[in-house]
Amino acid sequence: MKSLTEGAERLVPNAAFEFLAKAKALERQGKKVLHFEIGEPNFDTPEHICEAAIKALRGGKTRYVNSNGILELREAICEEVEKTRGFRPDVDQILVAPGGNPLIFYLVSCVVEQHQNIALQDPGFLTYYSVLKYTGIKGNFVRLKEKNEFRLDPEDLNSAIDDDTRLIILNSPSNPTGGVMKKSEIERVAEIAEERDIYLLSDEIYSKMTYDYPHHSAAIRDQCNERTILLDGFSKSYAMTGWRLGYAVGPKEVIKKMSMVLEATVSCTPDFLQYGGIAALKGPQYVDDMMRTFRERRDVLIEGLNSIPKLSCVTPQGAFYAFPNITKTGMNSSEFADFAINELGIALLPGTAFGPGGEGYVRLSYATSIETIKEAVERLKAGLR
Ligand SMILES: Cc1ncc(COP(=O)(O)O)c(C=O)c1O
């Protein structure tokens with residue numbers, strides 16, 4: 001007799017945590033491991049944000065609250081969307097959640113039936129794949145091409161959509177490639193969603209993290225009134241990964257149902273944490289300083305990788321991920337990731353952890369010091385000679 005559901009059987013562990021565990025095991029044996037596996041900024045949450053949450057906690061903000069999120073934070077999010085995307089949603093269009101991740105689950109469970117499918121990029125963020133595995137919903141994958149600097153081609157997306165496609169997932173800047181789509185490409189995706197009359201999840205968690213050209217939001221077209229669900233949060237732009245704080249903006253009827261799923265799973269987002277979110281949005285902004293540091297690191301890493309004859313790497317335009325091509329090494333992605341951690345002491349992730357389209361690549365999160373990056377490049381150079 002089967003003891004688990006098929007969905008549970010299909011789930012696989014998150015590769016980042018697997019490689020982190022491998023790295024920690026090697027460190028316990030006294031080895032020095034260079035960490036490039038985890039996707040989080042290595043900066044501390046700004047002090048004023050911590051203070052606001054501590055003050056709220058001390059002030060008794062410790063009870064159940066509205067499952068949509070406290071009004072003050074939702075109002076601050078409306079202001080933020082107006083400032084960054086040029087339209088002001090209604091507070092009833094906002095749902096605050098413990099991180100962006102659960103919102104992806106909530107949305108899929110509210111808008112996609114089991115026999116329908118989701119059109120999305122390959123390689124793509126791990127959670128999209130976990131949702132597909134867990135729910136059994138089919139993914140219509142759109143390959144990201146290196147020659148297109150890993151930008152999703154809207155016409156490839158259009159070809160992947162069929163009569164059963166219910167949702168498009170768009171992610172720019174993108175995890176795992178660092179690719180950033182151009183304004184015209186994003187506008188075309190929003191247009192396709194409208195033409196084909198399907199929902200569009202625009203995952204903009206890295207929206208503040210671009211280098212050479214600004215992020216453009218797919219949500220501008222319908223202002224999240226018809227089909228677009230904008231996903232953003234605090235983890236990356238405010239170095240708040242462990243807080244678990246994110247939000248969605250969408251059509252009122254979709255948000256209302258998603259909030260009921262949230263209510264049934266976690267009841268609400270912790271009250272005092274939401275005050276940290278208000279302080280983040282309203283207080284001083286440090287993301288540009290963070291991006292200046294990331295740019296220096298990116299440039300050192302990309303130059304270093306491209307100086308190694310068996311590697312080549314497109315310059316990422318956003319986030320803090322590099323996605324080098326490793327095919328000339330003769331290893332596949334998984335062999336390369338094992339070789340890197342076991343032989344070179346570098347923890348990075350196989351591209352295939354992000355979908356079959358990641359074969360031939362590995363992902364490095366360069367949220368680490370320049371010294372660590374230089375040392376990793378030297379180790380790779382020596383190891384691949
Ligand atoms: C593309 C993308 N979307 C969403 C998330 C979710 O972030 P969080 O749950 O920390 O808000 C991440 C985190 O790595 C991500 O890379």
Side-chain angles (χ1 to χ4, degrees), residues 14-20 36-43 45 49 69 73 77 80 94-108 118 120-132 139 144 150-152 167-181 186 200-210 215 217-219 229-249 258 262 265-266 269-270 273-274 276-277 280-281 287 294 316-323 349 351 353-355 358 363-367:
N14 180 317
F17 291 112
E18 265 190 321
F19 274 84
L20 178 64
F36 290 85
E37 71 280 35
I38 293 281
E40 65 180 348
N42 63 331
F43 299 102
T45 303
I49 300 177
L73 176 56
I77 291 168
E80 164 74 7
I94 312 292
L95 179 60
V96 176
N101 258 323
L103 288 163
I104 301 167
F105 265 93
Y106 299 160
L107 174 67
V108 170
I118 300 176
L120 74 169
Q121 67 180 53
D122 169 25
F125 175 46
L126 293 168
T127 294
Y128 310 150
Y129 287 86
S130 301
V131 173
L132 293 176
L144 299 183
F150 298 115
R151 297 192 318 274
L152 177 87
L167 174 70
I168 295 169
I169 302 182
L170 181 67
N171 174 220
S172 175
S174 158
N175 180 7
T177 67
V180 178
M181 289 169 68
I186 296 211
L200 171 61
L201 168 61
S202 186
D203 182 344
E204 303 182 15
I205 203 97
Y206 299 102
S207 59
K208 291 181 192 286
M209 305 189 120
T210 62
H215 167 71
S217 175
I229 296 89
L230 162 63
L231 177 78
D232 206 336
F234 299 84
S235 287
K236 317 288 175 175
S237 323
Y238 297 97
M240 290 170 69
T241 46
W243 287 61
R244 313 310 303 125
L245 198 58
Y247 59 87
V249 188
M258 285 171 68
L262 186 149
T265 49
V266 294
T269 305
L273 294 185
Q274 298 191 48
L281 293 178
V287 67
F294 276 136
Q317 290 298 329
F320 38 81
Y321 304 117
F323 206 61
L349 302 185
F354 302 92
R363 189 195 81 172
L364 289 97
S365 162
Y366 51 88

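In this text, all values refer to a predicted model and were calculated from it rather than measured experimentally. As the structure lists them, so they are numbered: ligands from 1, and atoms in each ligand from 1.
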Could you list each nitrogen or oxygen of ligand 1 that sits under 3.5 Å from a protein nitrogen or oxygen, with the atom names and the distance?
| from | atom 1 | to | atom 2 | distance (Å) |
| --- | --- | --- | --- | --- |
| ligand 1 | 3 (N) | Asp203 | OD1 | 3.3 |
| ligand 1 | 3 (N) | Asp203 | OD2 | 2.6 |
| ligand 1 | 9 (O) | Gly100 | N | 3.0 |
| ligand 1 | 9 (O) | Asn101 | N | 3.0 |
| ligand 1 | 9 (O) | Arg244 | NH2 | 2.7 |
| ligand 1 | 10 (O) | Ser235 | OG | 2.6 |
| ligand 1 | 10 (O) | Arg244 | NH1 | 2.8 |
| ligand 1 | 11 (O) | Gly100 | N | 2.7 |
| ligand 1 | 11 (O) | Ser235 | OG | 3.4 |
| ligand 1 | 14 (O) | Lys236 | NZ | 2.7 |
| ligand 1 | 16 (O) | Asn175 | ND2 | 2.9 |
| ligand 1 | 16 (O) | Tyr206 | OH | 2.7 |

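Between the side chain of Thr45 and the backbone N or O of Ala239, at least one donor-acceptor pair lies under 3.5 Å. Counting only distance, with no hydrogens or angles, the side chain of Thr269 and the backbone of Val96 share a donor-acceptor pair below 3.5 Å. In this structure, the side chain of Asn175 does not engage the main chain of Phe125 through any donor-acceptor pair within 3.5 Å.
What you find for Met209 and Lys236 is that their closest heavy atoms are CE-O, 3.6 Å. Gly124 and Tyr129 get closest at one heavy-atom pair: O-CE1, 3.5 Å.
Leu245 has its side chain out of reach of Tyr238: every pair of non-hydrogen atoms, C-beta onward, lies at least 4.5 Å apart.
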